[in-house]
Amino acid sequence: MSQEIYARRRDELVNQIGENDIVIVPTSPVKIRNSDVEYQFRADSDFYYLSGFAEPEAVLVISPGRKRGKYVLFCRESDALREMWDGRRVGLDGAMELYGADDAFPIEDINDILPGMMEEKEKVFTTVGRYPDFDAQLLGWMTKIKEDSRRGKHAPYEFVDLNHILHEQRLIKRVDEIALMRKAGRMSAAGHTRAMQVCKPGMYEYQVQAEMECEFRKAGSLYNAYSSIVAGGPNACVLHYTENTDVLRDGDLLLIDAGAEFECYASDISRTFPVNGKFTPEQRTLYDIVLSAQEAAFEKCSAGHGWNEPHDAAVAVIAQGLLDEGLLKGSLEEALESESYTQFYMHRTGHWLGMDVHDVGDYQVEESWRELEPGMVFTVEPGIYVNPADGVDERWNYIGIRIEDNVLVRRDGFDNLTASAPKHPDQIEALMAG
Ligand code: GLY
Ligand code: MN
Ligand code: MN
């Protein structure tokens, strides 16, 4: 994305704070995987949203009233030796020339410089509670300013959670973001399609995962938006199963929940299909219920509907389907009232999607479910999961199904960003037979 977009985002944020306030956002810390091996670094989403800066060890500061430039980046300095070993760095000049910073300072100097920038400010907008080490550093700077108060300087009066304003901003996706999310959706769909094409009994879950993720990578997605769930048979009933180590058995279903990340935007698709390419009657019955539930939810995805409406619509179809098949007893009203359906459908029908897979933004405003607005993107992911239990005919045991797509709210309807991943049972069987 171009630098103007990040500048516009910063301006939008600045419009919501006072001239004498300051915004301080650190990127994520580097995490150790084992010994001296690090996990692949991924910038903090808030930080990246405002800067487009992907290197670790960086802090951005926006100080609207600062005379020498309101946007400041603290980052790693250029260092020929370190860069030869560990990779290139943008450096201070690059931070200004390529990333639009008015000023850039070495991250090592932040303790000396940032307290001075916080002096005389009124409010500090920051992501309190996300990175404990950074919070401690921030308190240290406050203490330092207070100790210096004999010089006549005062520390900021208030810490304000930046989430409140920044996450409302992130919740509504702009044209450029939607283009990236569309791409991520298409890449993911190609991976899921590949998984259906290669899957056969005797393969291991991780082998199907490798084929799918190979498609993500070939399409230009460098990372997954989250750890892939490739869950054969009973593993599908473990909602966040990520071991992906079991062999796939003839007659079982395979549930895959996986999404490519593209330029820090996530996609999040679930598909469920028969390992051998042909649904059993029981699998098909429950699959059709989940698919109908998703279609009912889609009816409630345009602007003006309440956040809970797609969920309520999906729940009603699932509960009725489970009653029809004898998995639940009683009337629909009773099932909805007692929430007996949660034995088989225990999660919600969706979540916001954006730079984070479970993206930011409130679901309720003043204690009511918020209204869907153009530019919001969220998942629609009904499911049914049958674990053995008293009163459940064993022919249903261990069937786990989830169908998940990514929806963009438009004024006059919605777009399904992940529609190219097959999901109609006949379509899946035809694809797998080919
Ligand atoms: N992949 C996580 C979710 O569907 O919420
Ligand atoms: Mn999801
Ligand atoms: Mn998912």
Side-chain angles (χ1 to χ4, degrees), residues 42 45 170-171 173 181-182 184-196 205-206 208-209 212-213 215-216 221 223-232 235-244 253-262 264-273 287 290-291 293-295 297-298 300-301 307-311 313-315 318 342 344-363 372 376-385 400-409 414-423:
R42 159 64 151 79
S45 296
R170 279 179 54 192
L171 177 58
K173 275 69 182 176
M181 294 192 76
R182 238 181 244 294
R186 274 203 294 268
M187 291 170 173
S188 301
H192 280 265
T193 307
R194 175 82 187 147
M196 291 174 195
E205 292 165 336
Y206 57 81
V208 177
Q209 177 184 3
M212 171 186 67
E213 292 181 0
E215 257 348 90
F216 295 176
S221 156
Y223 314 106
N224 296 350
Y226 54 93
S227 302
S228 299
I229 296 167
V230 183
N235 295 336
C237 295
V238 180
L239 295 179
H240 288 157
Y241 172 84
T242 51
E243 288 98 323
N244 305 348
L253 288 174
L254 174 58
L255 186 159
I256 300 186
D257 182 343
E261 181 180 84
F262 184 61
C264 286
Y265 283 85
S267 60
D268 182 7
I269 301 182
S270 300
R271 289 292 183 263
T272 309
F273 53 92
Y287 190 94
V290 177
L291 194 56
Q294 200 199 32
E295 279 156 10
F298 282 155
K300 310 288 182 187
C301 287
W307 164 254
N308 221 34
E309 289 184 50
H311 177 67
V315 163
I318 287 172
T342 56
F344 306 105
Y345 181 38
M346 57 297 279
H347 60 77
R348 292 196 50 90
T349 303
H351 50 81
W352 305 130
L353 184 73
M355 298 184 77
D356 296 310
V357 62
H358 295 151
D359 205 38
V360 296
D362 292 333
Y363 292 95
L372 298 176
M376 291 175 169
V377 179
F378 61 94
T379 66
V380 180
E381 49 177 308
I384 292 179
Y385 314 90
I401 297 164
R402 179 161 62 255
I403 306 173
E404 175 173 30
D405 283 287
N406 304 162
V407 155
L408 161 70
V409 181
F414 71 92
D415 272 356
N416 183 350
L417 305 178
T418 48
S420 54
K423 69 179 165 188

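All ligand and atom numbering here is 1-based and tracks the order in the structure. The first residue of the sequence shown is numbered 1, and numbering continues consecutively from there. In this text the structure is predicted, and so the values were computed from the model without any measurement.
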Handout entry: Donor-acceptor contact below 3.5 Å, side chain S267 vs main chain A260
Key = yes
Exercise for the section: Using a cut-off of strictly less than 2.8 Å, determine whether H351 has an N/O/S atom near the Mn ion (ligand 2). Expected result: yes
Practice task
Just say parallel, tilted or perpendicular for the rings of F216 and H192, cut-offs at 30° and 60°.
Solution key: tilted
Practice task
For the pair Y363 and W307, name the ring-plane relationship: parallel under 30°, tilted 30 to 60°, perpendicular over 60°.
Solution key: tilted
Problem - Side-chain (E213) to main-chain (N224) donor-acceptor, under 3.5 angstrom - result: no
Practice task
Find, among atoms of E381 that are N, O or S, the one nearest to the Mn ion (ligand 2), and state its name.
Solution key: OE2
Practice task
Compute the angle centred on the Mn ion (ligand 3) spanning OE1 of E404 and OD1 of D257, and express it rounded to 10 degrees.
Solution key: 100°
Handout entry: Test side chain to side chain contact (heavy atoms under 4.5 Å, CB included) applied to Y241 and L255, step by step
Key = CA-CA 10 Å; Y241 172 84; L255 186 159; over 6 Å; no
Handout entry: Name, closest N/O/S atom of D268 to the Mn ion (ligand 2)
Key = OD2
Completion exercise
For D257, the ligand 1 atoms with a heavy-atom partner under 4.0 Å come out as 1 (N), 2 (C), 3 (C), 4 (O)
Fill in the blank from the handout: Here the atoms of ligand 1 under 4.0 Å from any heavy atom belonging to E404 are 4 (O)
Exercise for the section: Mind checking whether E381 contacts ligand 1 via backbone (N, CA, C, O), side chain (CB onward), both or neither, at a 4.0 Å heavy-atom cut-off? Expected result: side chain
Practice task
Using side chain to side chain contact (heavy atoms under 4.5 Å, CB included) as the criterion, point out the one residue from T418, D257, T349 that pairs with E404.
Solution key: D257
Exercise for the section: Using a 4.0 Å heavy-atom cut-off, say whether D268 meets ligand 1 through its side chain, its backbone, both or neither. Expected result: side chain
Handout entry: H358: numbered ligand 1 atoms lying under 4.0 Å from its heavy atoms
Key = 2 (C), 3 (C), 5 (O)
Practice task
Tell me whether the centres of the aromatic rings in H347 and Y385 are closer together than 6.0 Å.
Solution key: yes
